Amino acid sequence: MPDNSAANIAGMAAGDERLHYDRVEIALHWTTAAFVAVLWLLGQGWGYLPRGSDGRHALQDLHVSLGLLFTAVLAARILWRLGPGRRPLPATTGLAEVAAKLVHYLLYVLLTGQVVLGWLWRWANHDPLSLFGLFTIPSPAAFTKAQKTLFGNLHGTIANVILILAGLHAAAALFHHFALRDGVLRRMLPAGRRGR
Ligand code: HEM
Ligand code: HEM
């Protein structure tokens with residue numbers, strides 16, 4: 001099978017649009033990565049503070065407010081990707097291409113599930129689902145204790161699965177960049193940092 005991957009097509013200009021993601025996709029990708037890191041760290045952080053303390057509640061409220069902002073970022077990202085977003089040529093071929101696609105789709109699914117579970121867990125906890133106190137989104141239903149436990153267990157587990165998967169994904173991108181030197185990482189970098 002001929003190797004048509006962007007990484008291996010010779011003679012393409014460095015600025016060729018088929019080789020990299022568009023500006024919006026790149027901005028949303030790195031915003032997503034930053035949100036996931038901060039949300040995960042906050043989720044770990046309040047565990048060191050005493051239960052019921054003001055500090056613990058403040059970190060949880062911050063997590064939920066940032067979680068609401070992240071909901072908007074993720075929705076924008078998925079809508080952009082399904083709509084006007086530019087899809088560059090695949091970076092690799094064969095098994096590597098299938099594995100990369102699988103990880104990307106799995107990340108989208110897990111991130112969406114995580115957001116839904118976060119909303120549900122907050123409602124089931126009877127705490128306000130609020131954006132920095134500006135407004136509150138009321139619960140559409142009453143949840144049982146068993147449901148609350150289920151939402152919590154799933155949200156806590158998926159947080160770690162996302163982190164592991166994103167870590168492997170980032171390691172693969174860095175391996176392409178430093179070991180294979182094939183320009184895959186540059187596909188997700190802003191124009192000014194793409195180099196040649
Ligand atoms: C990828 C995004 C997210 C990650 C990585 C994440 C991570 C975490 C982690 C690690 C915990 C602690 C779990 C535990 O104690 O077992 C947690 C708790 C929680 N998260 Fe998230 N979260 C995310 C998104 C969201 C969103 C979007 C919301 C809702 C707007 C949300 C709401 C909550 C709530 C309500 C808790 C429990 C707080 C409490 O104990 O009262 N999370 N999250
Ligand atoms: C929580 C962190 C991250 C998440 C959730 C994430 C998610 C994703 C997703 C879903 C895609 C697929 C884009 C699409 O085609 O729709 C993607 C692509 C990409 N990501 Fe990440 N990413 C994260 C962190 C990173 C990091 C830290 C790096 C670099 C060290 C990185 C490098 C890349 C590259 C180079 C691509 C393009 C791959 C290609 O051209 O096939 N990502 N990322």
Side-chain angles (χ1 to χ4, degrees), residues 5-7 18-22 25-26 28-47 49 51-52 56-57 59-75 77-78 80-82 85-92 96-97 99-131 137 148-149 151-178 182-189 194:
S5 71
R18 289 169 296 172
L19 293 181
H20 55 83
Y21 288 85
D22 62 71
E25 176 75 35
I26 292 171
L28 290 171
H29 173 269
W30 295 111
T31 310
T32 300
F35 264 106
V36 170
V38 171
L39 287 168
W40 188 84
L41 284 172
L42 280 170
Q44 303 303 315
W46 66 67
L49 300 174
R51 275 183 187 279
R56 189 172 169 120
H57 281 305
L59 289 187
Q60 287 168 341
D61 288 347
L62 179 61
H63 180 89
V64 167
S65 292
L66 293 178
L68 284 180
L69 291 179
F70 178 60
T71 306
V73 169
L74 186 65
R77 174 145 191 213
I78 291 172
W80 184 261
R81 178 73 164 83
L82 294 175
R86 185 174 64 235
R87 254 146 274 160
L89 287 170
T92 47
E97 185 190 350
K101 273 209 176 124
L102 204 73
V103 169
H104 294 167
Y105 286 125
L106 205 55
L107 280 170
Y108 282 125
V109 170
L110 289 172
L111 290 170
T112 306
Q114 184 70 341
V115 163
V116 171
L117 285 164
W119 284 53
L120 290 172
W121 193 8
R122 188 68 169 184
W123 280 327
N125 270 339
H126 302 294
D127 286 326
L129 181 58
S130 160
L131 181 77
I137 305 171
K148 175 178 139 173
T149 307
F151 301 150
N153 287 342
L154 285 175
H155 192 79
T157 306
I158 292 177
N160 292 330
V161 176
I162 288 174
L163 211 80
I164 291 168
L165 210 58
L168 291 173
H169 159 81
L174 294 175
F175 180 73
H176 273 278
H177 189 67
F178 291 110
D182 59 7
V184 166
L185 181 60
R186 282 201 291 274
R187 291 155 61 83
M188 204 39 112
L189 294 182
R194 222 170 275 145

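Quick caveat: nothing in here was measured; it's all calculated off a predicted structure. Start at 1 and go down the list; that is how both ligands and their atoms are numbered.
- Annotation for ligand 1: atoms under 4.0 Å from non-hydrogen atoms of N125 are 39 (C), 41 (O).
- Atom numbering of ligand 2 starts at 1 in the shown order; those under 4.0 Å from a heavy atom of R187 are 39 (C), 40 (O), 41 (O).
- Residues E25 and R77 are paired through a salt bridge, judged by an N-O separation under 4.0 Å between the basic side chain and the carboxylate.
- Distances below 4.0 Å separate heavy atoms of A170 from the following atoms of ligand 2: 26 (C), 27 (C), 30 (C).
- Near V36, with a cut-off below 4.0 Å to any heavy atom, the atoms of ligand 2 are 1 (C).
- Here D61 pairs with R122 in a salt bridge; the nearest charged N to carboxylate O distance falls below 4.0 Å.
- Checked against the 6.0 Å centroid threshold, H57 and W46 do not count as a close aromatic pair.
- An N or O contact shorter than 3.5 Å is missing between T32 and ligand 2 by distance.
- The ligand atoms of ligand 2 that sit less than 4.0 angstrom from a heavy atom of A173 are 29 (C), 32 (C).
- Of the possible donor and acceptor atoms, none in the side chain of R81 sits under 3.5 Å from a partner among the backbone N and O of R87.
- Neither the backbone nor the side chain of R87 has a heavy atom within less than 4.0 Å of ligand 2.
- With L111 as reference, V36 is the one residue of V73, V36, T71, V116 to meet the side chain to side chain contact (heavy atoms under 4.5 Å, CB included) rule.
- At a threshold of 2.8 Å, atom 21 (Fe) of ligand 2 has no backbone or side-chain N, O or S atom of H104 nearer than that distance.
- Counting heavy atoms under 4.0 Å from ligand 2, residue L185 touches it through both backbone and side chain.
- Contacts with ligand 2 closer than 4.0 Å are made by side-chain heavy atoms of W30 only, the backbone lying farther away.
- Within ligand 2, the atoms closer than 4.0 Å to a non-hydrogen atom of R77 are 8 (C), 9 (C), 10 (C), 11 (C), 13 (C), numbered from 1 in the order shown.
- When hydrogens are left out, the protein atom nearest atom 15 (O) of ligand 1 is W121 CH2, 4.3 Å; that is the closest non-hydrogen contact.
- With a 4.0 Å heavy-atom cut-off, ligand 2 is reached by the side chain of H29 but not by its N, CA, C or O.
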